[in-house]
Amino acid sequence: MSSLKVAIIGVGRMGAGMAVRLRETGTEVVVWNRTPAKAAATGCAVAGTAREAVAAADVVLVSLADDAAVRSAYDGPDGVAAGLREGVVVVESSTIDPETVRGVEPLVTGRGATLLDGPVSGSIALVEKGQLTFMVGGPAEGVDRVRPVLDLLARQVFHVGALGSGAIVKLSINTVVLGLNQALAEALVLAERAGVPRETTYEVFANSAIGSAFVSYKRAAFERPDEVPVAFSLDLVAKDLDLVRQLAARVGARMPQAEANLGVATAAVAAALGDRDMSGVATYLRTLSGEL
């Protein structure tokens with residue numbers, strides 16, 4: 001349990017998972033979400049506005065879907081910034097452009113508070129166990145102040161540099177994860193088309209040189225795509241890969257694989273698969289090849 005009071009802005013899959021985990025440790029948590037029913041489902045105290053949620057908080061965790069939602073949540077008379085007290089630390093954990101994090105910083109520091117960007121790596125199952133990985137950018141003293149809260153959620157907390165560095169490292173991680181997802185989907189469909197059952201191939205994958213935490217975690221989603229709840233949707237895959245593309249263009253990094261993966265994800269979304277799990281790339285490839 002942390003004695004620090006925590007506000008969570010945004011209770012999608014990860015935000016809700018963090019809220020429940022902190023509540024179960026005995027931490028005092030207030031949540032806000034644009035859809036009140038989702039906020040209520042966490043079992044935490046529910047605020048009517050983001051400003052109300054952060055008013056008494058020592059630590060604010062923000063977990064939203066995209067850059068537009070983040071900018072909107074911080075600004076305005078009922079936004080996050082309007083309710084901040086001096087000395088509060090805000091941890092922006094959304095997967096967004098590092099320039100967006102830097103753009104909202106003046107709204108936070110103008111209230112005498114500190115902004116960190118602290119996106120996470122890990123699944124809902126890992127947040128439930130308190131085993132996420134945080135990659136945090138921003139002032140070291142701010143990281144130290146929020147560590148009692150982050151340690152309840154995470155197995156590892158890395159301070160990776162100045163503000164924006166956390167977002168950069170998260171996009172780099174997602175580049176690899178989404179590359180693995182694409183390669184796994186292609187290989188699985190290849191074996192299927194050549195006559196080897198999906199489950200047989202995946203059993204070999206999981207116990208071969210390519211066996212990994214990701215391959216194990218996504219097994220059910222790839223083997224039974226119509227039965228397993230969505231963990232990370234294809235529209236968010238496309239969003240993240242587009243952020244990678246934008247960052248690469250700004251810094252002059254050549255990323256041909258990421259560009260190809262973005263093309264596939266964008267096409268899958270255009271084919272009305274955007275609300276499917278990321279493993280739905282295989283579904284899209286089966287459609288292109290002719291369903292088996």
Side-chain angles (χ1 to χ4, degrees), residues 1-36 38-65 69-70 73-74 78-96 101 104-105 107-109 111-122 124 126-139 141-159 166:
M1 180 180 68
S2 171
S3 60
L4 298 172
K5 297 178 181 179
V6 179
I8 296 183
I9 306 301
V11 288
R13 294 184 188 93
M14 188 56 69
M18 292 192 290
V20 171
R21 166 67 181 175
L22 291 174
R23 175 178 60 78
E24 290 178 344
T25 67
T27 301
E28 185 176 341
V29 183
V30 178
V31 301
W32 175 81
N33 194 73
R34 287 178 293 183
T35 306
K38 288 185 178 181
T42 66
C44 300
V46 178
T49 65
R51 177 178 183 169
E52 179 187 333
V54 307
D58 303 301
V59 175
V60 178
L61 296 172
V62 181
S63 181
L64 297 168
V70 167
Y74 280 82
D78 289 324
V80 170
L84 294 175
R85 297 177 294 111
E86 187 173 352
V88 174
V89 181
V90 180
V91 183
E92 178 48 69
S93 67
S94 313
T95 301
I96 53 176
V101 178
V104 300
E105 183 187 21
L107 296 174
V108 175
T109 56
R111 303 286 295 186
T114 299
L115 180 63
L116 306 173
D117 61 315
V120 301
S121 178
I124 300 303
L126 290 181
V127 71
E128 290 172 350
K129 299 174 184 177
Q131 294 182 356
L132 293 173
T133 297
F134 274 85
M135 52 223 79
V136 186
E141 60 269 26
V143 180
D144 292 339
R145 281 155 55 196
V146 299
R147 194 172 285 274
V149 172
L150 300 189
D151 283 345
L152 296 173
L153 299 169
R155 180 172 57 91
Q156 299 178 104
V157 177
F158 292 101
H159 183 206

Test: salt bridge (charged side-chain N to carboxylate O under 4.0 Å, His left out). Region: residues 48-64. Which pairs qualify, not counting sequence neighbours? D58-R85

Quick one: does E92's side chain have a donor or acceptor within less than 3.5 Å of a partner on S94's backbone? yes

Could you check whether any side-chain heavy atom of V91 comes within less than 4.5 Å of a side-chain heavy atom of V136, counting everything from C-beta outward? no

Can you find a pair of side-chain heavy atoms, one from T27 and one from V149, that are under 4.5 Å apart? no

Just by modelled atom types, is the G83 backbone N or O under 3.5 Å from a matching donor or acceptor in the R111 side chain? no

Could you grab the distance from atom OG1 of T42 to atom CG of N33, nearest 0.5 Å is fine? 9.0 Å

Treating H159 as the side-chain partner and G138 as the backbone partner, does any N or O pair qualify as donor plus acceptor under 3.5 Å? yes

Distance (rounded to the nearest 0.5 Å) between M18 CE and I124 CD1: 8.5 Å

Tightest non-hydrogen contact, residues V6 and A57, listed as C-CB, 4.4 Å

Nearest 0.5 Å, please: how far is CD in E141 from CG in L116? 9.0 Å

Rounded to the nearest 0.5 angstrom, the CG-OG1 distance for L84 and T109 is 10.5 Å

Which atom names give the shortest non-hydrogen contact between S93 and G118, and what distance separates them? CB-O, 3.2 Å

Quick check: do L61 and L22 have side-chain heavy atoms less than 4.5 Å from each other? yes

Euclidean distance, W32 CH2 relative to D78 CG, rounded to 0.5 Å: 9.0 Å

How would you list, by chain and number, every residue that makes a side chain to side chain contact (heavy atoms under 4.5 Å, CB included) with V120, sequence neighbours excluded? M14, L132, F134

Are any of the side-chain heavy atoms of R145 and T114 separated by less than 4.5 Å? yes

All heavy atoms of E28 vs all of K5, minimum pair found to be OE1-CE, 3.6 Å

Which heavy atom of V30 sits nearest a heavy atom of A53, and at what distance? CG1-CA, 3.9 Å

When rounded to the nearest 0.5 Å, the distance separating OG1 of T95 from CG of L64 is 11.0 Å

Which atom names give the shortest non-hydrogen contact between S63 and G15, and what distance separates them? OG-N, 3.6 Å

Partner of V11 under side-chain contact (heavy atoms from CB on, under 4.5 Å), picked from V20, V46, V31, is V31

